[in-house]
Amino acid sequence: MKGSLRPGSSTLTESFYFWGRSILLGQKLLFDERPKTERRDLFDRERELEELVNNLHRPLVVVTGVRRIGKTSTLMVALRESGLPFLVVDARKLRDNYSLGDLYALLSQALSSSLDRLKDVLSRVQGVSIMGNYVELSWKGKRYVSLGDLFDHLNEKRIIIAVDEAQRLRGPHSGEIKNAMAHAYDYDRNLTFVLTGSEVGLLHEFLGTEDEGSPLYSRYYHEVRLERFSREQSFQFLERGFSEAGMKVEESVIEEMVEFFDGIPGWLTVAGNHYLSRRDLGEVKEMSVRLALNELRNLIESKARISEVTGRRYREVLKCVGEGANSWSKLERCVSEREGVALSSSVLSNVISQLEGMSVISGYQFLDPVYREAVKRL
Ligand SMILES: Nc1ncnc2c1ncn2[C@@H]1O[C@H](COP(=O)(O)OP(=O)(O)OP(=O)(O)O)[C@@H](O)[C@H]1O
Ligand SMILES: [Mg+2]
C-alpha cells in the first residue's frame, strides 16, 4: 500500500509556518520527546480529544492504550482545553509495594502544582498544611486527612483529578483508594476522575467494576481508547516533524520508519528526533531496539524479584513468543524445551495473562513492533 502514503493535509504553507516557528522559538515541537501539553503540538487525535473533553462531566473516565501511544499527551491537552481546574497525579512514580506515605507524597506534589487554584479550599482542610508553595498532607497521627475527606473538600470546586498510569495504584492501598473513589463517585458531584493506563488489563483489574468484591463494582466509566496511527498518519507525522526542523528527508527513509515503528507516535517521535542529529536510519533503529530491550529486561527483573524461577519463566515465554510460538500448544512446547521440564498449565496461563494484562502481548503476538525485535536479543 506504499502508494497510499502520500501526505494529504500537510500543505506548503503549513510546513513554512512550523519551520519558521521552530527556528524562531528554537523548539523541536512535534519531535519533542516530552508529553505534549498544547493542542498545536499534538498531531491529530481530534476525535479522541473531543471524546475525552465531552465526557469530563462524568464521575470516571479512563484513557487506555499501549505504551507510547500518546495517553499523557492527549490527557494533558484535553485538560487544558476543558478550561476546568485539574490536578495530575503521576502514579508511575510509585514503587510496587508503595507505602501510604509514598501515596500521600505523590498527592502533595499534585496538589502543590495546582496550589494557586486550590489554596482557598485546601487551607480549610484539617491535616493539610500549606508551606509557601508546597502542600503537606498528614497521613497519620491526630491531624490525619483521609482520602475521602480530601475528596469531599476538593468537591467544593469543580475539579478534574487525573491519575496517570493508574494501574500503579494496585497494591497494598488499592482498597483504601477505591473506597474513597467510590464515595466520591456517589457523593462528590463536582469531581471527575480521569485515569490513564498503558497496562490496560491491570488497570481494568484495579478498577474491578465487574468484580463484586470491589468498591467500584458496577460503576460505569467511559473509556477513550487510543489506537496507533495509520500508515498515512505516521507518514504525515514524520514529514511534518522533519519539515518543522527544516530537514528534507527522502520519502524512502520515511517509509521505512513508518514500516518499522508501526504507528506508535512515541517511537516515531524518538526516531524522528534521533534522525535529525544522526541521519542514519540503522542507528535510529538500533537505538530504539536497545531502549525496548532495556524495558524488557526491567520487566523480567521485576518478576525475578518474586523469585528467580519466575523471572526465568517470563524470559522464556517472551523469547518463545518472539520465535513465533503463536498458540497455546506451541508456547507450551517451546517453554518446556527451554526449561527442560514441562510447565504446569496454570503457571503458563498465569504468565501469559500477566503479559496480556501489561499489554506486552495479545493473542500470542507482541503489541509493540520494537519489542518484537528486541526480544531476539534477550
Ligand atoms: N499525537 C501526538 N502528537 C505529537 N506527539 C505525540 C503524539 N502522541 C504522542 N506523542 C509523543 O510521543 C511520546 C509518547 O507520548 P505520551 O508520553 O503522551 O504517551 P503515553 O501513551 O503516555 O506513553 P507512556 O505509556 O510511555 O506513558 C511523547 O514524546 C509525545 O510527545
Ligand atoms: Mg504516559
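We're numbering straight along the sequence, starting at 1. Read the numbers this way: they start at 1 and go in the same order the structure lists the ligands and their atoms.
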Which of the numbered atoms in ligand 1 are under 4.0 angstrom from any heavy atom belonging to [X]?
X      : answer
Ser73  : 15 (O), 16 (P), 18 (O), 30 (C)
Thr269 : 11 (C), 12 (O), 29 (O)
Phe229 : 1 (N)
Arg67  : 25 (O), 26 (O)
Leu30  : 4 (C)
Arg45  : 1 (N)
Glu165 : 25 (O), 27 (O)

Can you tell whether the side chains of [X] and [Y] come within less than 4.0 Å, N to carboxylate O?
X      : Y      : answer
Glu295 : Arg297 : no
Glu259 : Arg231 : yes
Arg377 : Glu286 : yes

Close approach of Asp41 to ligand 1, heavy atoms, under 4.0 angstrom
yes
Is a side-chain donor-acceptor pair under 3.5 Å present for Gln167 with His204?
no
Is the distance between the Mg ion (ligand 2) and the nearest N/O/S atom of Ser73 smaller than 2.8 Å?
no
Which bit of Leu268 is near ligand 1, meaning a heavy atom under 4.0 Å away: side chain, backbone, both or neither?
neither
Give a yes or no answer on whether the side chain of Tyr98 reaches the backbone of Leu169 with a donor-acceptor pair at less than 3.5 Å.
yes
Whether over 12 other heavy atoms sit under 6.0 Å from Tyr134 OH
yes
